[in-house]
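The analysis underlying the following values was restricted to heavy atoms, covering all of them including side chains, and did not include hydrogens, waters or symmetry mates. We're numbering straight along the sequence, starting at 1. Counting starts at 1 for both ligands and their atoms, in listed order. Here the structure is a predicted model, which is why all the values come from computation and not from measurement.
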Amino acid sequence: MTEETRKSSYPLASRAEDGHNTEIKVGNTLIGSSTFTVMAGPCAVESKDQLKSIAERVHESGVNILRGGAYKPRTSPYSFQGLEEEGLGYLGEIARPLGMGVITEIMDARDIPKFVDHVDILQVGARNMQNFTLLKELGKIRKPILLKRGMGSTLEELLGAAEYILKGGNKEVILCERGIRTFETATRATLDLSAVPVLKKMTHLPVIVDPSHAAGRSDIVPALALAACAVGADGIIVEVHDNPSKALCDGSQALSPEVFKTLVSKLKEMSPLVSKQFN
Ligand code: PEP
Ligand code: MN
């Protein structure tokens, strides 16, 4: 793609000559080029008690953004679909007293009004990266959007999708590399780590990594998370469960709170080495 086509396809997402980087504030947490941000929590909100105990453990490790799916995009319609509106309520109710921000996935633009009161960052999942109707509606709101890369999407397509949100006037878009489909079966997806430094050249938007959905197996998640930090990511989003074998969704890739705590302490040591402040 030539410089001219790039500028006409995603002018707002493109890195400008002045080299500025977008930084996004969520509560007291700054997400962007000067910081390394960790977002963590269960794949799905399963119950109030489950979410509360995981949120407390994650918060103890020094993390300020809680993840948890209330609306789950499952491959089979017979799998747990999430607690939906009830789950959104629990996220707000549990995160607020801990002073944590909330990130959760939105699948349907009609649900936007239900999200705005409880949620600080709205996540667009890999399966919806090119749901242009949803992206256009998210361009109209004034809340940060985490846009995950589709599992079969190029970086240009990711930036084109981000452009839909930016064009609507919502300037707060965070990109997320979460692994792409390849012929390899040892992992759930193949984490494209080179996407991080390449995106940093193409765009001013923050770029984070999801090592959990890329790996699909908890044993290699810490290594991928550290690699993401080393390669210049602005943060990670990680799945943590206090009883992974009983999780209703993605238990095999969930870190225990203990393993997560060790990972966070390593990330705190590593962040300054890549000129980033952990937050
Ligand atoms: C998730 O974060 O829960 C999720 C479904 O991720 P992805 O869209 O990357 O598969
Ligand atoms: Mn998951």
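- Scanning all protein heavy atoms for the shortest distance to atom 6 (O) of ligand 1 gives K148 NZ, 2.9 Å.
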Check against ring pair (Phe, Tyr, Trp, His ring centres under 6.0 Å), F115 and Y71: CA-CA 11 Å; F115 276 62; Y71 294 82; 5.6 Å; yes
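- What you find for I24 and P206 is that their closest heavy atoms are CD1-CG, 4.1 Å.
- In plain terms, the two heavy atoms of E239 and H213 that are nearest each other are OE2-CE1, 2.7 Å.
- Under a cutoff of 6.0 Å and an axis angle of 45°, K268 and F278 form a cation-pi pair.
- Heavy-atom proximity to R67, at under 4.0 Å, picks out these atoms of ligand 1: 1 (C), 2 (O), 3 (O).
- For D250, the N, O or S atom with the smallest separation from the Mn ion (ligand 2) is OD2.
- Contacts between M151 and ligand 1 below 4.0 angstrom, taking non-hydrogen atoms only, are absent altogether.
- Of all non-hydrogen atoms in P222 and D219, the two that sit nearest each other are CD-O, 4.0 Å.
- Take the N/O/S atoms of E239: the one nearest the Mn ion (ligand 2) is OE2.
- S194 and D192 form a side-chain donor-acceptor contact under 3.5 Å, judged by distance and modelled atom types alone.
- Close approach of ligand 1 to R178 (heavy-atom distance below 4.0 Å) involves ligand atoms 7 (P), 9 (O), 10 (O).
- Note on H213: its N/O/S atom closest to the Mn ion (ligand 2) is NE2.
- The atoms of ligand 1 that sit less than 4.0 Å from any heavy atom of G125 are 8 (O).
- Looking at D210 next to ligand 1, no N or O pair under 3.5 Å apart turns up.
- Closest protein heavy atom to atom 5 (C) of ligand 1: E105 OE1, 3.6 Å.
- For the residues M39, R127, H213, the heavy atom positioned nearest atom 4 (C) of ligand 1 is part of H213.
- With hydrogens and angles left out, the side-chain atoms of S34 and E23 include a donor and acceptor closer than 3.5 Å.
- T37 and N279 form a side-chain donor-acceptor contact under 3.5 Å, judged by distance and modelled atom types alone.
- For ligand 1, the polar-atom distance check against A126 finds a nitrogen or oxygen pair separated by under 3.5 Å.
- Surrounding CZ of R142 are more than 12 heavy atoms belonging to other residues, nucleotides or ligands, all under 6.0 Å away.
- Under the 4.0 angstrom criterion for non-hydrogen atoms, R149 is not in contact with ligand 1.
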